[in-house]
Undergrad: 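What follows is a structure written as structure tokens; I'll ask about it next.
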Amino acid sequence: MCASAKYNTRGPALIPRMKTKHRVYYITLFSIVLLGLIATGMFQFWPHSIESSSDWTVEKRSVHDVPVVKLPADSPIPERGDLSCRMHTCFDVYRCGFNPKNKIKVYIYSLKKYVDEFGTSVSNTISREYNELLTAISDSEFYTDDVNRACLFVPSIDVLNQNTLRIKETAQALAQLPRWDRGTNHLLFNMLPGGPPDYNTALDVPRDRALLAGGGFSTWTYRQGYDVSIPVYSPLSGEVDLPERGPGPRRYFILSSQMALHPEYRSELEALQAENGESVLILDKCTNLSDGVPAVRKRCHKNQVFDYPQVLQESTFCVVLRGARLGQAVLSDVLQAGCVPVIIADSYILPFSEVLDWKRASVVIPEEKMPEMYSILQSVPQRQIEEMQRQARWFWEAYFQSMKAIALATLQIINDRIYPYAAISYEEWNDPPAVKWSSVSNPLFLPLIPPQSQGFTAIVLTYDRVESLFRVITEVSKVPSLSKLLVVWNNQNKNPPEDSLWPKIRVPLKVVRTAENKLSNRFFPYDEIETEAVLAIDDDIIMLTSDELQFGYEVWREFPDRLVGYPGRLHLWDHEMNKWKYESEWTNEVSMVLTGAAFYHKYFNYLYTYKMPGDIKNWVDAHMNCEDIAMNFLVANVTGKSVIKVTPRKKFKCPECTAIDGLSLDQTHMVERSECINKFASVFGTMPLKVVEHRADPVLYKDDFPEKLKSFPNIGSL
Amino acid sequence: MQTRKKYIFLTFLASWLLLFFFGGDQLRRFPFFSGRKVKARRNWPHWTDRSLLTSFADPRELQGNEDPSLPSPRERRAARLSVYKNSRCRMETCFDFSRCEKHGFKVFTYPRERDQPLSESYSKILASLERSRYYTSNPEEACLFILSIDTLDRDHLSGQYVRNVDEKIRGFPLWNGGRNHLIFNLYSGTWPNYTEDLGFDIGQAILAKASFYTDSFRPGFDISIPLFSKDHPQRGGERGWLYQRSIPPKKKYLLVFKGKRYLTGIGSGTRNALHHIHNGKDIISLTTCKHGKDWEKHKDTRCDKDNVDYEKFDYQELLHNSTFCIVPRGRRLGSFRFLEALQAACIPVLLSDGWELPFAEAIDWSKAAVVGSEKLLLQIPSTVRCIHPERVLAFQQQTQFLWDAYFSSVDKIVHTTLEIIKDRLLPHRSRSRFLWNTLPGGLLALPDFSTHPGDFPFYYLQQGSSPPGKFTAFIRAISPVGSLSQPILRLIQAVSGSQYCAQILVLWSCEKPPPPSGKWPQTTVPLTIIQGSRKLSDRFFPYAAIGTDAVLSLDEHTSLSTSEVDFAFGVWRSFPERIVGFPTQSHFWDPEQRRWGYTSEWTNELSIVLTAAAFYHRYYHSLFTEYLPVGLRELVDGLAACEDILMNVLVAAVTKLPPIKVTQRKQHKENVPQQLRLDPVLFKDQVSILRKKYPRLEKP
């Protein structure tokens, strides 16, 4: 059912029970056969064997050898696209079914050559780009070769460019596809729709209910939530390698590079240039190029010649004006150059607008406002321009740069509609890798101050120090907001004391026995924890006063997404050793708190147990140390926030306290702790801990004020 | 035994040789040997001549496809205007942008006619509009017009149905075919089909309608609003019901529904099937046949038993105790249930095919609701069971954020509608989807201030950035003497001594002109004098001269030391969205007088940090001046020393968090109370003074 369900079942044992002697034989024999298989397998994939393997597959053929299909003149024509189609009306969702991977299955029809009654071909068999697109789909996880399991069908009839098509015959070719069924669940890719004189904004080929992935939709032809708006691919993407340029101001402020603009637009642009001078560059096609120079790779301004698309990198903003069609290939070039596109095309549906937040990567200006373009762009703050430049480049890299990128983004969008609960989030679609890497999305993002009445659950991890444990229980039970006490009995060899021996306290006390003596048991999200707040406390922490603990809880309520603890610790960069160092001196800064006594949200127990990155959890259990540092890393990494140290308390009774007192420097302990920090920093790939200079004290702490009027008078020992 | 072994050995050897002989190709054909990987998947072929294929378009066609014979862009736009009207309206064809240019985005409501009855909901909508900061009473200035005719209920069987709307509208000189008009509607059509028909011609007016069907929705033009009841509060609004984030985020029930089962008519398809998923344990789906006058006529075998079960559960109890709530279509697509579930943090599972979700132009519903398909009702239980707990937790929190940001009052619903329209006027000055869907939400992120998330105090973490390391000291001088007093000189010295100080601004709010520049102390940082207009709210005006994100607001009498400033600034950088300051006060509920009280006495709690010495983000100046109703600011100007309370209230309302008090050397005698104060790590500890970074903070 769910993806996780598969872990619950295990297959039966493979080797039947036999006498040991025979088993050895059989195993040897099996391994010989296995070796043989591997050998043949390797032989198979050795380069020289490729030729020999091709003769039984149909892979190695020319596109000219594909079967020819003759279309009778009276073969049926699909209806024109239905503008009211939506997923729930025109799409057969039952074909996709419920599957644990939440992936749609896409089938591609095999390539055929279509000719009319007179043997004239209907269109080019297939273009380079469409072949790339189908190859990408076929190599993706969406692909299936089983037509009966498919949820989406992609015809191999190439309709990328309407100009190369004979409309009626292409429609007939579509209609005779074996699973056409009025176009249900069929997906067509088109980049250049319409033709003279009216240039429709969607493919003119009648296509029944087929979905259209089209470049250049307008708001009138785009069926929101059904069609997918895709970019017009620019073949320059594959030809020219433009290295990413760092964000920042460029030589020109506005650049227009499109050739053959309508004279009216051109005169408006020239007016802009006349007004603002050098910072605006309006390029046109070159008229006096010597032969052999590809005209598409050059642009001219008066007599100056510029290389295209390299020149785009010289400008902060690049104009993308509509032509006869709304979708323009220049958009892709502009994004590739990291130039911020200024899109002037009323009613244009921007590529992948269903998922991409174009406001972060472009400026859209209504056609009427073109004369004001300069002042509008001037009002964009510099910091935002830099971010847009990065964002533009990222959009190109992720969704524009190849037919593969375009194909996969299109399928993913359709996939997200069919399995919305497994859809890719806004952040995944829009955040460039650098932002994904450095940003945090706090799992407890809602500012919510938990009600005081909820209280907290204290978890005491203990092994066998019963006497000290009982003292801790008695002490903690004096804290007014304690609502439950949970003792995690980590000793498997000894039973916990009998019920009657435990201290009598006013809140429920539960003992949980563990299966193994592991440190991570203290951070397990036990069902018995019914409050949000957890107080982790060691079985020897008897020095904390009830006021200190209660105050700690109050502080936690205000910072429920942080670790709130007493003694603070610091990590430092050791310049000599070039690595992190653990610091327990009494410094002016803190970046960690010890979890010998600390408040935190139960959610972090869940994270610690199930989502700890890498092998940290096992590593900690094996070393029997540093579980608190691991917790500090985890919380800081997921929230991006610092710990809160409360009250002046500097030490617990613990190995390192002696170190602070300077009696005997426990070097090995410090070295071990430093190693933990280095190990965790490398697993997390970053140093998530945040250093702060403040701690939390009660409002009237050490103020000249009668003690008995203070809420938390009994605070202050180190 | 021996022979058997030999035979076996030989057979294996032989088979191994055979396998090798036949080679991999043959092997792959044996289904027995082929794992999933080995099995030949019939992929798209690698054509031998694929490198020879031509491109789909000639490069020249891609880069300059302009046909010179085409009509000019201007003609094309003009032609569009005549074609795309009424049901095909878009902003660029049906909305007159020029009306909004001169006076900005101003909203005018038609004067109410006395004989015209108004429903409760519509009066609330009009009241919200009139209290909006965009309201104008002058139709000449207006960019957007709203009728005073109640158009909320267009079911002609309803008592609130207004007749002859068409005729009335045509009588209005301002109507102009509906251009630049906004029409609100909650109910359209009637039994049995409940169509989208409003019973009058809305022409080119923008329609803000509940239960919008995607088919009739004009994208980028119309607005889908939520259905709300007549008891929906005018302003403020109740908070959401999520008080604690339990882990795992499970409640007593997984999925619940309690409502009518339609036996016939539109919407019965889904409502009639809902009972199938009821399992009596964690999925409770209860239906009743009792509705309408003649339900017994259509009654089927289930009805009697269902009706009995139906009474066993309380709707409110289910709402409070379920993780997911089914929100199916009723006769119309939207229902009250939607907002109820949202408020209750019961994640809505929508079964309403074709519903254009409320404010979907701005709100990303995939973060707060499960959009199911009516056709796949029976998959819903397994679907919701498979949603990961982290996601459930995020969903729950997002419902609360959205409820509080856009839905909890009529004011919020109406203002969200206006802001969405306003964003369309200047696309380059509009909120990105990020701003709409991240705390504190679009209404509190003013695009007039900036469209860049990094300029706001709320998004540092999501952007992976940190607050910048400089601040502007902003000192208000109000003393009537024309010369500089000692305290202000000392203050300037102390503040300019901070390594984080970028500039000092003095707001001169005195009658006498400020002393000449020669009289001011020499500082290492630039010092600028701003001539104020002597209003109290002046100090929170968004002066262009404020060049840093952080503002240290000071009164001229404030006494602070450099280390206090340094320490407090460090704290602010950890809490950039809050007010971080020194002197504090508190509010309390006075039960005897039944009103809020204010105290400056020393208490154990604090809720207000005085802006006589406080750090905050400069964005709050913009919010204070532009977001707060004018009336509040005028009230503050009329009173003595209340502007900082208003600022505290504003910041608390935006962040839902209390301010932060930091420690201060010298003692001086909102609105979430707080019990803590932040001190330097070694504050007043019995350690050597040499170890301490801020020893001066401890001197008495």
Side-chain angles (χ1 to χ4, degrees), chain A residues 1-2 29 33 36 40 44 53 59 62-63 84 88 98 127-129 134-135 138 145 160-161 219 224 235 259-260 264 296 323-324 329 346 357 359-360 363-364 376 381 383-384 420-421 423 435 438-440 446-447 450 532 554-555 588 602-603 606 640 648 693-697 699 702 711, chain B residues 12 16 19-20 24-25 41-49 53 55-57 59 62-67 72-73 90 92 215 219 244 247 353 364 366 370-371 379 382-383 386 397 400 427-428 432-433 452 454 461-462 464 570-571 574 604 656-657 675-679 681 684-685 687 693:
Chain A
M1 230 163 51
C2 305
L29 285 172
V33 174
T40 41
Q44 168 72 20
S53 67
E59 284 192 358
S62 156
V63 289
S84 66
H88 66 275
F98 182 75
S127 67
R128 185 169 65 223
E129 283 80 8
L134 295 180
T135 310
S138 154
D145 58 357
L160 281 182
N161 183 352
T219 51
Q224 188 147 22
M259 302 191 285
E264 197 179 301
V296 288
D346 287 359
D357 191 346
K359 282 178 188 165
R360 285 172 64 179
V363 182
V364 176
I376 288 176
R383 285 202 279 178
Q384 191 176 4
Y421 40 86
V435 174
S438 61
S439 68
V440 286
L446 191 73
E532 286 178 83
E554 297 292 347
V555 173
N588 286 290
K602 186 188 172 189
Y603 181 75
Y606 165 82
E693 296 183 334
H694 51 256
R695 70 169 197 231
D697 287 327
V699 169
K702 290 223 171 167
S711 295
Chain B
F12 272 114
W16 180 72
L19 281 171
F20 194 80
D25 287 356
R41 209 167 64 153
R42 289 191 29 234
N43 279 343
W44 183 253
H46 289 275
W47 307 106
T48 46
D49 50 355
L53 293 175
S55 180
F56 74 109
L62 280 175
Q63 291 187 15
N65 55 350
E66 190 70 5
D67 190 342
S72 83
R90 297 293 184 271
E92 60 266 30
D215 257 6
Q244 72 174 79
I247 306 296
D353 288 351
D364 182 357
S366 68
V370 179
V371 185
Q379 280 183 14
S382 36
T383 301
C386 285
Q397 296 180 77
Q400 300 297 283
H428 63 278
S432 62
R433 263 183 109 73
H452 177 53
L461 286 173
Q462 288 102 322
V571 173
S574 291
N604 283 300
K656 317 272 184 293
L657 293 168
Q675 309 191 13
L676 63 96
R677 149 187 115 187
L678 297 183
D679 296 335
V681 171
K684 290 197 180 175
D685 287 345
V687 296
K693 188 170 175 189

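Order of the sequence lines sets the chain letters (A, B, ...), proteins ahead of strands, with each chain counted from 1. Everything quoted here is computed from the prediction, not taken from an experiment.
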Undergrad: Measure distances from A:Y603 to the heavy atoms of chain B and classify the residue's part below 4.5 Å as side chain, backbone, both or neither.
TA: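 Answer is both: backbone and side chain atoms of A:Y603 are under 4.5 Å from chain B.
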Undergrad: Taking atom CG of A:L446 and atom CD of B:Q400, what is their separation to the nearest 0.5 Å?
TA: 6.5 Å
Undergrad: Which heavy-atom pair separates B:S55 from A:E129 by the least distance, and what is that distance?
TA: OG-OE2, 2.9 Å
Undergrad: Hey, which of A:I376, A:L160, A:V363 has the most heavy atom pairs under 4.5 Å with chain B?
TA: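 Heavy-atom pairs under 4.5 Å are most numerous for A:I376.
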Undergrad: OG1 of A:T219 to CD of B:E92: how many Å apart, nearest 0.5 Å?
TA: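 Answer rounded to 0.5 Å: 5.5 Å.
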Undergrad: Between A:R383, A:R360, A:Q224, who has the most heavy-atom pairs with chain B when the cutoff is under 4.5 Å?
TA: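 Among A:R383, A:R360, A:Q224, the one with the most close pairs to chain B is A:R383.
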Undergrad: Between A:P420 and chain B, which part of the residue has a heavy atom less than 4.5 Å away: side chain, backbone, both or neither?
TA: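 When you check distances to chain B, atoms from both the backbone and side chain of A:P420 fall under 4.5 Å.
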Undergrad: Is it the backbone or the side chain of B:D679 that comes under 4.5 Å from a heavy atom of chain A, or both, or neither?
TA: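 Both backbone and side chain of B:D679 come within 4.5 Å of chain A.
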Undergrad: Between B:S72 and chain A, which part of the residue has a heavy atom less than 4.5 Å away: side chain, backbone, both or neither?
TA: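 Backbone plus side chain of B:S72, per the 4.5 Å heavy-atom cut-off to chain A.
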Undergrad: Between B:D49 and A:S62, is any side-chain donor less than 3.5 angstrom from a side-chain acceptor?
TA: yes
Undergrad: Indicate the atoms forming the closest heavy-atom contact of B:I247 with A:Y606, along with that distance.
TA: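 Shortest heavy-atom contact: CG2-CB, 4.0 Å.
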Undergrad: Identify the heavy atoms of B:Q244 and A:E532 that sit nearest to each other, and give their distance.
TA: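 Distance-wise, the nearest heavy atoms are CB-OE2, 2.8 Å.
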Undergrad: Taking every heavy-atom pair that is under 4.5 Å apart, which of A:A329, A:P447, A:G640 has the most such pairs with chain B?
TA: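 Ranked by contacts with chain B, first place is A:P447.
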Undergrad: What option among B:P219, B:G570, B:P427 has the most heavy-atom pairs under 4.5 Å with chain A?
TA: B:P427
Undergrad: Which bit of A:D357 is near chain B, if near means a heavy-atom gap under 4.5 Å: side chain, backbone, both or neither?
TA: side chain
Undergrad: Could you check which of B:P73, B:A57, B:G464 has the highest count of heavy-atom pairs closer than 4.5 Å to chain A?
TA: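 Sorted descending by pairs with chain A, the first entry is B:P73.
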Undergrad: Could you give the distance from OH (A:Y421) to OG1 (B:T383), rounded to the nearest 0.5 Å?
TA: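 Between A:Y421 OH and B:T383 OG1, I get 4.0 Å after rounding to 0.5 Å.
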Undergrad: Identify the two heavy atoms, one from B:L62 and one from A:P235, that lie closest to each other, and give their separation to 0.1 Å.
TA: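 Where B:L62 meets A:P235 most closely, the heavy atoms are CD1-CD, 3.3 Å.
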Undergrad: Need one label for A:V440: side chain, backbone, both or neither, based on atoms under 4.5 Å from any heavy atom in chain B.
TA: both
